[in-house]
Amino acid sequence: MASSTNSGREDATYTEMADKNDAALIGTHCQYDYCNQLDFLPFRCDSCRHIYCLDHRTESSHKCAHAGEWAEKRRLAQLSQPSIGQGKTLRDKVSEKPCATPECKTVVGTSLTPGVHCQTCNRDYCLKHRLKEDHNCKNLTPVGARPTAAAQIDVAQRTRSALDRLRAWGSARKEQASRALPKPKPSSAAARVVAVNTLKKTAKGDDKLAPEKRVYLYVEAEAETAKAKFPKGEFFYSKDWVVGRVLDAAARSLQVQNINNQSSDERDRLRVFHVEGGRLLEFGEKVGTALQSGNTIILLRGVGPPPDLIDM
């Protein structure tokens, strides 16, 4: 049988004879089973690399063991090639935007009006305002430039002024709250016992709470800082609760808007004022430690973090 070889290229679809000058080496036998036909123009299958005659040249006709392999290789080769325009800028870097001159309504960055970029003030202008004199370039602060020392001083002064106004507002609110807050009324021990017994009969709360765990309190909402539908009430809470949980429960009972979990601004946050203790309670304090049955607590809004209001 005459020997043959391919052309040396992976994508070649034909077979070259080993010696083109030898006249005896003509044709190749088909390698399909039971065929072995001598074909003068044989075909090589790019999937299984075998030689076939005209009748068995297709993958389906010779039942190729690696059907579709040549197509997959060609697909991967095409995918590995760079796409058209890869690494090239296909359009102007200036995106569509209005001219940087405030009174101008021309849109730059389009195919008809590409725009002109000013290197001094770092802005984009239309053709009408492209010159520095036309867009008052000398009086503009470059975009992205660091502020000057004078600008930094001005920002610092405005910041201090804002902080001073905030402190003055907080002081006024605390003084107003201090004047409006009631003082504990002096009473004898016997009178306090009678008041607590009366409070236990009218106080509302979770009936599942064990009696020995209850703390009975008078709860009020200051009219100036909380718009409550029911400004006061009598309730009992668990000694194991923290003050923050009591605040949430009291706000629901008195129908007071509570946005403590939504705002970090002290002007919007509610706080609990203990009348007998004369101070604002921390959210994490235990009720059994900070309060006793018969005490009065008031819900205040915008009084700031808990300094001692009575001493201010």
Side-chain angles (χ1 to χ4, degrees), residues 79-180 221-229 251 255-271 283 299-307 312:
L79 292 177
S80 64
Q81 296 177 357
S83 59
I84 299 176
Q86 181 176 350
K88 298 180 180 179
T89 303
L90 300 182
R91 60 164 295 171
D92 192 357
K93 294 182 179 179
V94 180
S95 58
E96 294 185 6
K97 64 178 70 173
C99 175
T101 303
E103 60 272 10
C104 183
K105 303 300 181 182
T106 304
V107 178
V108 300
T110 64
S111 57
L112 296 178
T113 311
V116 178
H117 184 76
C118 179
Q119 299 292 341
T120 304
C121 63
N122 200 21
R123 291 174 172 85
D124 298 313
Y125 297 94
C126 64
L127 296 178
K128 182 179 179 180
H129 301 101
R130 68 186 186 278
L131 300 178
K132 295 182 179 181
E133 296 79 9
D134 295 332
H135 61 259
N136 197 20
C137 187
K138 62 180 181 180
N139 295 325
L140 296 176
T141 302
V143 176
R146 293 184 178 181
T148 60
Q152 292 178 348
I153 294 174
D154 181 60
V155 171
Q157 290 176 349
R158 286 185 292 173
T159 303
R160 284 196 297 269
S161 177
L163 291 175
D164 292 339
R165 290 196 300 270
L166 181 59
R167 292 193 186 99
W169 175 87
S171 300
R173 294 297 297 168
K174 292 175 183 178
E175 291 176 1
Q176 182 181 3
S178 179
R179 291 193 299 268
E222 189 188 30
E224 295 182 1
T225 56
K227 297 179 181 179
K229 184 176 181 180
Q255 298 186 17
V256 179
Q257 185 184 21
N258 182 10
I259 56 174
N260 283 13
N261 294 334
Q262 304 175 13
S263 175
S264 59
D265 192 345
E266 284 294 339
R267 291 174 291 184
D268 301 327
R269 294 168 65 87
L270 286 175
R271 294 235 178 224
F283 293 138
L299 303 185
L300 302 177
R301 191 188 306 279
V303 293
M312 291 185 60

Would you say that [X] contacts [Y] through its side chain, given a criterion of any heavy-atom pair below 4.5 Å between the two side chains?
| X | Y | answer |
| --- | --- | --- |
| Arg301 | Val256 | yes |
| Thr120 | Lys132 | yes |
| Cys104 | Lys128 | no |

Under the side chain to side chain contact (heavy atoms under 4.5 Å, CB included) test, residues paired with Asn122 that sit two or more places apart: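 Side chain to side chain contact (heavy atoms under 4.5 Å, CB included) list for Asn122, sorted by chain: His117, Val143.
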Roughly how far, to the nearest 0.5 Å, is the [atom2] atom of [Y] from the [atom1] atom of [X]?
| X | Y | atom1 | atom2 | result |
| --- | --- | --- | --- | --- |
| Asn258 | Leu270 | CG | CG | 5.0 Å |
| Thr113 | Glu96 | OG1 | CD | 10.0 Å |
| Cys121 | Asn136 | SG | CG | 10.0 Å |

N/O donor-acceptor pair under 3.5 Å between Arg130 side chain and Tyr125 backbone: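 Side chain of Arg130 to backbone of Tyr125, a donor-acceptor pair under 3.5 Å: no, none is there.
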For residues [X] and [Y], report the shortest heavy-atom separation together with the two atoms involved.
| X | Y | answer |
| --- | --- | --- |
| His129 | Cys99 | ND1-SG, 4.0 Å |
| Thr101 | His135 | OG1-CB, 3.9 Å |
| Cys126 | Thr106 | CB-CG2, 3.9 Å |

Crowding at CG, Asn261 (>12 non-hydrogen neighbours, <6.0 Å):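 Check fails, neighbour count at 12 or below.
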